[in-house]
*Asks:* 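Handing you a structure now.
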Amino acid sequence: LVADAGFAGFDLLNMILDAGHSFLFRVGGNVRLLTQLGRVELHGEDTVWLWPQGRRKEQPLVLRLVVLRREGRCVYLITNLSEDRLGHRQAAALYGMRWGVEVFYRSLKQTLEHRVMRSRAPAQAQAELAWSLVGLQLMGLMSVSEMIQRRIEPLRWSPAATRDLLRKAIAGHCHRRLSTRGWGNRLAA
């Protein structure tokens with residue numbers, strides 16, 4: 001499980017460990033990691049401990065700290081995996097891949113203007129969210145498949161451009177009938 005800061009609480013990490021899973025989480029300034037507790041260090045000099053405040057009877061979590069240096073700044077990640085199971089480069093690559101998820105949800109909230117569900121009842125709000133996600137996925141599928149056919153880098157896909165094209169088509173601004181190829185060109189563009 002890879003996650004950004006804000007999720008690295010003791011209880012959640014403990015549940016993940018109890019379930020036998022692995023994680024790589026960024027930690028922010030609100031997480032206090034302890035070093036040199038005098039125990040056997042599992043991860044060498046990268047060993048850190050996370051101990052919940054006010055609950056000294058519980059055992060601390062023994063974790064590994066991975067420090068990424070990017071553009072003069074440090075990003076701090078914690079994991080339960082050893083260096084041989086998750087190397088520094090692998091950790092950096094995995095953490096970097098989570099950016100696509102961030103962009104996806106930003107597109108849903110900002111580009112499609114779904115910061116808040118408009119439905120009042122929970123079941124309808126859940127359906128609204130599900131269909132919004134399906135819509136965003138379909139927009140991406142339509143555009144990216146056309147981009148790939150035309151050898152255009154799919155990472156250049158713009159959800160906003162696809163949204164605008166579809167809105168124009170729905171509003172009837174595309175007066176002349178476009179062939180399948182014409183739509184494909186527009187979606188790829």
*Asks:* Please check if the side chain of Arg64 supplies one atom and the backbone of Leu86 the other of a donor-acceptor pair under 3.5 Å.
*Replies:* yes
*Asks:* Any heavy-atom pair between the side chains of Val66 and Asp46 that's under 4.5 Å?
*Replies:* no
*Asks:* For atom CD of Gln126, decide whether the heavy atoms of other residues, nucleotides or ligands shown that lie under 6.0 angstrom number more than 12.
*Replies:* no
*Asks:* Is it true that a side-chain atom of Glu128 and a backbone atom of Met117 form a donor plus acceptor pair closer than 3.5 Å?
*Replies:* no
*Asks:* With rounding to the nearest 0.5 Å, note down the distance linking OG1 in Thr162 to CG in Leu112.
*Replies:* 10.0 Å
*Asks:* How would you list all residue pairs meeting salt bridge (charged side-chain N to carboxylate O under 4.0 Å, His left out) that involve residues 117-126, not counting sequence neighbours?
*Replies:* none
*Asks:* Find out whether Val2 and Arg26 are in side-chain contact, i.e. whether some heavy atom of one side chain is under 4.5 Å from a heavy atom of the other.
*Replies:* no
*Asks:* Do you reckon Leu187 sits in the same ILVMFWY cluster as Leu138, going by side-chain contacts under 4.5 Å, direct or chained?
*Replies:* no
*Asks:* Is there a side-chain contact between Leu129 and Leu108 (heavy atoms, below 4.5 Å)?
*Replies:* yes
*Asks:* Determine whether a donor-acceptor pair (N or O, by modelled atom type, separation under 3.5 Å) exists between the side chain of Asn80 and the backbone of His21.
*Replies:* yes
*Asks:* Only counting residues at least two apart or in another chain, list the ones meeting side-chain contact (heavy atoms from CB on, under 4.5 Å) with Ser145.
*Replies:* none
*Asks:* Examine Arg98 relative to Tyr95 and say whether NZ or CZ is less than 6.0 Å from the centre of the six-membered ring and inside a 45° cone about the ring axis.
*Replies:* yes
*Asks:* Can you name the residues that form a salt bridge (charged side-chain N to carboxylate O under 4.0 Å, His left out) with Arg163, not counting sequence neighbours?
*Replies:* none
*Asks:* Tell me, do His88 and Leu68 make a side-chain contact under 4.5 Å, heavy atoms counted?
*Replies:* yes
*Asks:* List the atom of Pro154, the atom of Val144, and the distance in Å for their closest heavy-atom pair.
*Replies:* CB-CG1, 3.7 Å
*Asks:* Is any side-chain heavy atom of Phe23 closer than 4.5 Å to a side-chain heavy atom of Leu77?
*Replies:* no
*Asks:* Working to the nearest 0.5 angstrom, can you tell me the gap between Leu13 CG and Asp18 CG?
*Replies:* 11.0 Å
*Asks:* Is there a side-chain contact between Leu136 and Val134 (heavy atoms, below 4.5 Å)?
*Replies:* no
*Asks:* How long is the span from the CG atom in Leu61 to the CD1 atom in Ile78, to the nearest 0.5 Å?
*Replies:* 8.0 Å
*Asks:* Determine whether a donor-acceptor pair (N or O, by modelled atom type, separation under 3.5 Å) exists between the side chain of Thr79 and the backbone of Leu81.
*Replies:* yes
*Asks:* Is there side-chain contact between Leu63 and Thr47, with at least one heavy-atom pair below 4.5 Å?
*Replies:* no
*Asks:* Rounded at 0.5 Å granularity, tell me how far CG in Leu141 sits from CH2 in Trp157.
*Replies:* 9.5 Å
*Asks:* Any donor-acceptor pair under 3.5 Å linking the side-chain atoms of Gln110 with those of Arg115?
*Replies:* yes
*Asks:* Between Glu146 and Arg150, does any side-chain N to carboxylate O distance fall below 4.0 Å?
*Replies:* yes
*Asks:* Quick check against the 3.5 Å criterion: does His114 have a side-chain atom that pairs as donor or acceptor with the backbone of Leu133?
*Replies:* no
*Asks:* Would you call Cys74 and Tyr76 a side-chain contact if the rule is heavy atoms closer than 4.5 Å?
*Replies:* yes
*Asks:* Is there a path from Leu94 to Val103 through hydrophobic residues (I, L, V, M, F, W, Y) whose side chains come within less than 4.5 Å of each other?
*Replies:* no
*Asks:* NZ of Lys109 to OG of Ser132: how many Å apart, nearest 0.5 Å?
*Replies:* 13.5 Å
*Asks:* If you compare all heavy atoms of Ser119 against all heavy atoms of Ala125, which two are closest, and at what distance to 0.1 Å?
*Replies:* CB-N, 3.5 Å
